[in-house]
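Counting starts at 1 for both ligands and their atoms, in listed order. Note that the structure is a prediction, hence the values are computed from the model and not measured.
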Amino acid sequence: MLIQQLTKHYGTKRVVDEVSFEIPKGKVLSLIGPNGAGKSTVMGMISRLVAKDAGLVHFEGKDLAQWNSRDLSKRLAILTQSNNIQMKLTVRELVSFGRFPYSQGRLQEEDRQKADEALAYMELEAIADQFIDELSGGQRQRAMIAMVIAQDTDYILLDEPTNNLDIYHASNMMKIVRRLCDELGKTVILVLHEINYAAFYSDYICAFVNGRVAQFGTVEDVITKENLSAIYGVDFEIQQVAGRPLSIYY
Ligand SMILES: Nc1ncnc2c1ncn2[C@@H]1O[C@H](COP(=O)(O)OP(=O)(O)OP(=O)(O)O)[C@@H](O)[C@H]1O
Ligand SMILES: [Mg+2]
């Protein structure tokens, strides 16, 4: 997926300003940067939930704008940041719900299998028959992620998937993202505030500041003391841990 000069205004405010980056197939890209930097708006535009004002998204050989919605939903799935579905659904029903673009209104064996796989990935089997409005915040977040994974699309976009997750479930989620890429060839774009998850589990990082790309490159290119201090306005130290540049901030 190639993104060129993507731009979005709200009123007179330019919230995304000529943003360009590329993600090769089968890789993990994390978008980082301060609140309000434009990350979710970019995610919205590259999934067509938000209309762009200018720029281009090349997706699988054609302009994203030319995709038929149903075909697009079979290739690309997104978990948005405000993902609070209020419906009397069980976890299993919610996760199966992700299969509807494929199932012509009636779940087939394959749909059930994909839903069960996603429930297992997110370790939700024990609560699969509970209603989603009766779950904790982190359990609900995991159910939402499972719904997106169950869609089994080539491209998976997750806006702040680690929100509300404890350390165990957050790192489990990141490991699953890695497996989806490394074993199944999926392409994953994440928005993360946990820079160390981004550094440890991504291939590429795009850092946003004020609607613009401040840095784009490999983890090693972007995760430096100087870059992070400039992006976030706090002091950072970087240590190599397991071959990755991990950050401490204060
Ligand atoms: N629908 C909207 N109408 C008006 N302004 C909007 C709208 N959506 C976003 N904005 C503005 O666009 C800017 C970027 O918002 P965006 O949600 O993309 O930021 P973000 O980088 O995802 O931040 P966060 O880390 O807080 O999620 C913000 O200033 C926000 O107020
Ligand atoms: Mg956001």
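- There is no protein heavy atom closer than 4.0 angstrom to atom 30 (C) of ligand 1.
- When only non-hydrogen protein atoms are considered, atom 6 (C) of ligand 1 lies nearest to Tyr10 CD1, 3.2 Å.
- The side-chain contact (heavy atoms from CB on, under 4.5 Å) check on Gln139 picks up Ile127, Leu135, Ser136, Arg142, with sequence neighbours excluded.
- Between Phe236 and Tyr249, the angle of the ring planes lies from 30° to 60°, which puts this pair in the tilted group.
- Met43 does not count as a contact of ligand 1, since none of its heavy atoms falls under 4.0 Å from the ligand.
- For ligand 1, the atoms lying closer than 4.0 Å to a non-hydrogen atom of Glu160 are 25 (O), 27 (O).
- With respect to Lys88 and Glu93, no salt bridge is recorded, no charged nitrogen being found less than 4.0 Å from a carboxylate O.
- Proximity to Val15 (heavy-atom distance under 4.0 Å) selects the following atoms of ligand 1: 11 (C), 12 (O), 13 (C).
- Heavy atoms of Lys8 stay at 4.0 angstrom or farther from ligand 1.
- One hydrophobic cluster holds both Leu180 and Met147 under the rule that ILVMFWY side chains link at heavy-atom gaps under 4.5 Å.
- Inter-residue side-chain proximity for Asn210 and Arg212 is flagged as unmet; no heavy-atom pair is nearer than 4.5 Å.
- Among all protein heavy atoms, the one lying closest to atom 16 (P) of ligand 1 is Thr41 OG1, 3.5 Å.
- Under the 4.5 Å side-chain heavy-atom criterion for ILVMFWY residues, no single connected hydrophobic cluster contains both Phe131 and Ile145.
- Every atom of ligand 1 is numbered from 1 in the order shown, and the set under 4.0 Å from a heavy atom of His193 is 25 (O).
- Ring geometry for Phe59 against Trp67 counts as tilted: the plane angle lies between 30° and 60°, on a 0 to 90° scale.
- Residues forming a side-chain contact (heavy atoms from CB on, under 4.5 Å) with Thr7 (at least two apart in sequence, or on another chain): His9, Arg14, Glu18, Ala54.
- The closest protein non-hydrogen atom to atom 25 (O) of ligand 1 is Lys39 NZ, 2.8 Å.
- Hydrophobic clustering of Ile, Leu, Val, Met, Phe, Trp and Tyr side chains at less than 4.5 Å, counting indirect connections, keeps Ile248 apart from Phe200.
- Proximity of Asn35 to ligand 1, defined as any heavy-atom pair under 4.0 Å, is shared by backbone and side chain alike.
- Protein atoms of type N/O/S that fall under 2.8 Å from the Mg ion (ligand 2) number 2 in this view.
- In this structure, Lys186 fails the cation-pi test against Tyr155, since its NZ or CZ atom is not both closer than 6.0 Å to the six-membered ring centre and inside 45 degrees of the ring normal.
- Qualifying side-chain hydrogen bond (donor to acceptor under 3.5 Å, both in side chains) partners for Asn172, counting only residues two or more places apart in sequence or in other chains: none.
- Across the listed options Ser40, Ala37, Gly36, Ser40 owns the non-hydrogen atom lying nearest to atom 22 (O) of ligand 1.
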